[in-house]
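Before any comments, here is the structure.
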Amino acid sequence: FPSHDKLELGTNDWEMAKIVNKQLANTKPPFFEVWYTLSSHSPFDIPEPIVPLTKVENPYVNSIRFSDKALGHFFDLAKSQAWYKNTLFVIIADHSHYNHREIEPQNMEYHRIPLLMFGEVLKPEFKGKKWDKVVSQLDVTPTVLSQLGFDKSAFKWGKNCFNPYTKPSAFFTLHFGSGLVEEEGYVSFAKEYAWHMATDIKEQSRQDTVAKHGKAIQQRVYDDYLKR
């Protein structure tokens, strides 16, 4: 990687857009490639001036704008590549971040992240469609594998989100607790507290049920980890 393009965490997203395109041009299809962007991660040392956009978390918002431009640059370059028309692109965040909306981490909205699947390989009925079901990062791999007709059994913690018989849910964690989002709402909880930290479910019994589901998931994941 060019040393003059590196910032504190690594090469900035704009330069990486060019590097990734160059690598893909020399990669024999079919391929599976991952690009982990860095510019929108702290310390947000992007290679352009920080301008006043928001009163809260302004450097972060600036970094998001820069990363968005870098992604646009990547696709401008990719469209001229032979593999472009046969490729499914998946854009997703690994986690959320405190931002100008000032939402606390125990709130479900704090953990809302983008997920985009697009490309010329999409069937016409999926193009431009907004999926309004609850989905998490764990569901991306089994969903894509299901569309390709591949075995997804190795990814037991996720589900095919396009399966109408699957119950949508998303588990999330924070430094002092966890939470679960289901179709009817969410509950966040912590071991240190006897009450639920945040919820949008009015009925107490349903709050308890969703919290119980979340704690069961957490226990099963931990048990699975200990067996490995």
Side-chain angles (χ1 to χ4, degrees), residues 1-51 53 59-97 99 111-133 135-152 154-155 158-162:
F1 297 99
S3 60
H4 65 279
D5 294 324
K6 289 185 179 179
L7 300 176
E8 189 164 338
L9 282 182
T11 303
N12 71 72
D13 292 349
W14 184 273
E15 296 302 323
M16 277 301 299
K18 295 184 287 187
I19 292 171
V20 173
N21 264 281
K22 185 176 180 180
Q23 290 179 341
L24 293 179
N26 297 313
T27 302
K28 183 179 178 180
F31 54 72
F32 173 78
E33 295 285 340
V34 176
W35 171 21
Y36 189 90
T37 59
L38 293 177
S39 296
S40 59
H41 195 287
S42 60
F44 318 122
D45 52 344
I46 57 177
E48 62 181 34
I50 300 294
V51 297
L53 297 175
Y60 169 68
V61 176
N62 271 260
S63 74
I64 291 293
R65 187 178 71 161
F66 175 76
S67 291
D68 183 69
K69 289 191 296 183
L71 282 174
H73 183 46
F74 169 82
F75 287 110
D76 286 341
L77 297 172
K79 288 176 182 177
S80 64
Q81 302 282 355
W83 50 261
Y84 179 82
K85 65 179 185 296
N86 297 316
T87 302
L88 173 68
F89 299 93
V90 179
I91 298 178
I92 190 169
D94 60 335
H95 61 80
S96 57
H97 189 276
N99 58 45
H111 301 275
R112 188 183 294 274
I113 59 173
L115 168 58
L116 299 173
M117 295 184 183
F118 71 101
E120 295 183 18
V121 294
L122 287 177
K123 295 180 179 179
E125 60 265 33
F126 287 120
K127 290 184 177 180
K129 185 176 181 63
K130 181 178 180 181
W131 199 249
D132 60 357
K133 303 295 183 180
V135 178
S136 82
Q137 297 106 320
L138 295 175
D139 302 329
V140 174
T141 300
T143 296
V144 172
L145 290 178
S146 295
Q147 307 317 303
L148 296 173
F150 292 163
D151 179 25
K152 65 179 191 316
F155 302 91
K159 54 192 174 296
N160 175 12
C161 67
F162 297 143

Taking every non-hydrogen atom, the tightest pair across Phe44 and His97: CZ-NE2, 3.6 Å

Side-chain heavy-atom pair Met16, His73 within 4.5 angstrom cut-off: no

CG on Asp45 to CD1 on Ile50, rounded to 0.5 Å: 9.0 Å

Atom pair CD1 (Ile64) and CD1 (Ile46), whose distance is rounded to the nearest 0.5 Å: 10.0 Å

Thr87 side chain reached by Gln81 side chain, heavy atoms, under 4.5 Å: no

Heavy-atom check, side chain of Asp94 versus side chain of Tyr36, under 4.5 Å: yes

Phe89 and Tyr84 aromatic ring geometry - parallel, tilted or perpendicular at 30°/60° bounds: tilted

Over all atoms of both residues, closest heavy-atom pair of Ser63 and Ser39: CB-O, 3.3 Å

Side chains of Phe66 and Asn12 in contact at under 4.5 Å (non-hydrogen atoms): yes

Which pairs would a plain distance check flag for residues 117-127, meaning a side-chain donor or acceptor within less than 3.5 Å of a matching protein atom at least two apart in sequence or in another chain?
none

Non-hydrogen atoms of Trp83 and Ala25 that approach each other most closely: NE1-N, 4.1 Å

Asn62 side chain near Val51 side chain, heavy-atom distance below 4.5 Å: yes

Check: Glu33 and Val20 side chains under 4.5 Å, non-hydrogen atoms: no

Nearest non-hydrogen partners of Pro43 and Glu8, listed with the distance: CG-OE1, 3.4 Å

Separation between NE2 of His111 and CD1 of Ile113, rounded to the nearest 0.5 Å: 10.5 Å

Distance-only donor-acceptor pairs under 3.5 Å for side chains of residues 141-152, two or more places apart:
| unit_1 | atom_1 | unit_2 | atom_2 | d |
| --- | --- | --- | --- | --- |
| Thr143 | OG1 | Asp139 | O | 2.6 |
| Thr143 | OG1 | Lys159 | O | 3.2 |
| Thr143 | OG1 | Cys161 | N | 2.9 |
| Ser146 | OG | Pro142 | O | 2.7 |
| Gln147 | NE2 | Thr143 | O | 3.1 |
| Gln147 | NE2 | Asn160 | OD1 | 3.4 |
| Asp151 | OD1 | Ser153 | N | 3.0 |
| Asp151 | OD1 | Ser153 | OG | 3.0 |
| Asp151 | OD2 | Ser153 | OG | 2.9 |

Pairwise distance CG(Leu88) to CZ(Phe32) - rounded to 0.5 angstrom: 10.5 Å

Which atom of Ala17 lies closest to which atom of Asn21, heavy atoms considered: O-ND2, 3.0 Å

Heavy-atom side-chain contact between Trp35 and Leu71 under 4.5 Å: yes

Nearest heavy-atom neighbours spanning Leu24 and Phe31: CD2-CE1, 3.8 Å

